[in-house]
Amino acid sequence: NAGVTQTPKFQVLKTGQSMTLQCAQDMNHNSMYWYRQDPGMGLRLIYYSASEGTTDKGEVPNGYNVSRLNKREFSLRLESAAPSQTSVYFCASRTGDPNTEAFFGQGTRLTVV
Amino acid sequence: LAKTTQPISMDSYEGQEVNITCSHNNIATNDYITWYQQFPSQGPRFIIQGYKTKVTNEVASLFIPADRKSSTLSLPRVSLSDTAVYYCLVVLNQAGTALIFGKGTTLSVSS
């Protein structure tokens, strides 16, 4: 059981380049989340999807777009990467029912130069 | 969502009990409290959650007073491997809700 899988694990981008971070879960969860974590900081919610077909902004959505491709997959796109987007990105999922725990992927370490 | 306040850092020694308190003064009736643990270079993982009174599992205990304006995560007899960041979240008891993490408490356990 793979749980939550993020690809790639590491990426270096040049300023202005675009890329998509992929996230897939095999637990039949309804809700999925994207976070960023900067050095010494907690996690900040970028976007989340309460269920297939819906997405909502989190705390820091500017500069990002998301797509809930199907129930399994939730992608995060950087259209024009900036050095301020250098961070570790985590994807998470949970059933979406109240009182349920979230499961996290191993993270994508992104550096924008 | 209720704002949470935790100490930025705590230090302990192996074998001691550690209590991390989280303040959430404006918690709502439909909110519950959950704690996550994060090791370096890993995603957070769930530890424990509760609504009121005391909850205990194989890892920790969670104490919530009657007014629910704070909660305390208790880790019995910590070891070096308990060195991590601990996050307190207040979560709306509703399907598909957002999960908002704060900065957490960095616990350092020494021998």
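Here is the naming used below: chain letters follow the sequence lines, and residue numbers restart at 1 for every chain. Bear in mind that the values here come from a model prediction, so they are computed numbers and not experimental data.
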Next item on the list: Could you state whether V88(A) and I46(A) fall into the same hydrophobic cluster, counting links through intermediate Ile, Leu, Val, Met, Phe, Trp or Tyr residues with side-chain heavy atoms under 4.5 angstrom apart?
Entry: no
Notebook entry, point to check: Are I27(B) and V55(B) co-members of a hydrophobic cluster defined by side-chain heavy atoms under 4.5 Å apart?
Noted result: yes
Next item on the list: Is it possible for you to say whether Y64(A) and F101(B) belong to one hydrophobic cluster, with membership spreading through side-chain heavy-atom contacts below 4.5 Å?
Entry: no
Check: Any side-chain heavy atom of T97(B) sitting closer than 4.5 Å to one from R94(A)?
Finding: yes
Checklist line | 4.5 Å side-chain heavy-atom contact, E101(A) and Y36(B) | finding: yes
Next item on the list: Answer with side chain, backbone, both or neither: which region of T54(A) has an atom nearer than 4.5 Å to a non-hydrogen atom of chain B?
Entry: neither
Notebook entry, point to check: Is the number of heavy atoms from other residues, nucleotides or ligands within 6.0 Å of OH (Y13(B)) greater than 12?
Noted result: no
Note to self: Which heavy atom of A50(A) sits nearest to which heavy atom of G96(B), and what is that distance?
What the structure shows: CB-O, 3.4 Å
Notebook entry, point to check: Taking side chain as C-beta onward, heavy atoms only, is Q38(B) less than 4.5 Å from L43(A)?
Noted result: yes
Next item on the list: Below 4.5 Å from any heavy atom of chain B, which atoms of Y35(A) appear? Answer side chain, backbone, both or neither.
Entry: side chain
Notebook entry, point to check: When hydrophobic residues are tied together by side-chain contacts of less than 4.5 Å, even through go-betweens, does L92(B) share a cluster with M32(A)?
Noted result: no
Margin query: Could you measure the distance from the CZ atom of F104(A) to the CZ atom of F46(B)? Nearest 0.5 Å is fine.
Written below: 12.0 Å
Next item on the list: Please examine the side chains of S41(B) and R109(A), heavy atoms only from C-beta on, and report whether any two atoms are closer than 4.5 Å.
Entry: yes
Note to self: Is any side-chain heavy atom of L99(B) closer than 4.5 Å to one of Y48(A)?
What the structure shows: no
Next item on the list: Indicate if F63(B) and V91(B) have the same hydrophobic cluster label, given that clusters are the connected sets of ILVMFWY residues with side-chain heavy-atom separations under 4.5 angstrom.
Entry: no
Checklist line | Among A102(A), S31(A), C91(A), G105(A), residue most engaged with chain B (heavy-atom pairs, under 4.5 Å) | finding: A102(A)
Notebook entry, point to check: Atom CD in Q49(B), atom OG1 in T100(A): separation rounded to 0.5 Å?
Noted result: 7.5 Å
Margin query: Can you tell me how far apart NZ (K103(B)) and CD (Q37(A)) are? Round to the nearest 0.5 Å.
Written below: 12.0 Å
Check: Do L45(A) and I100(B) have side-chain heavy atoms sitting under 4.5 Å apart?
Finding: yes
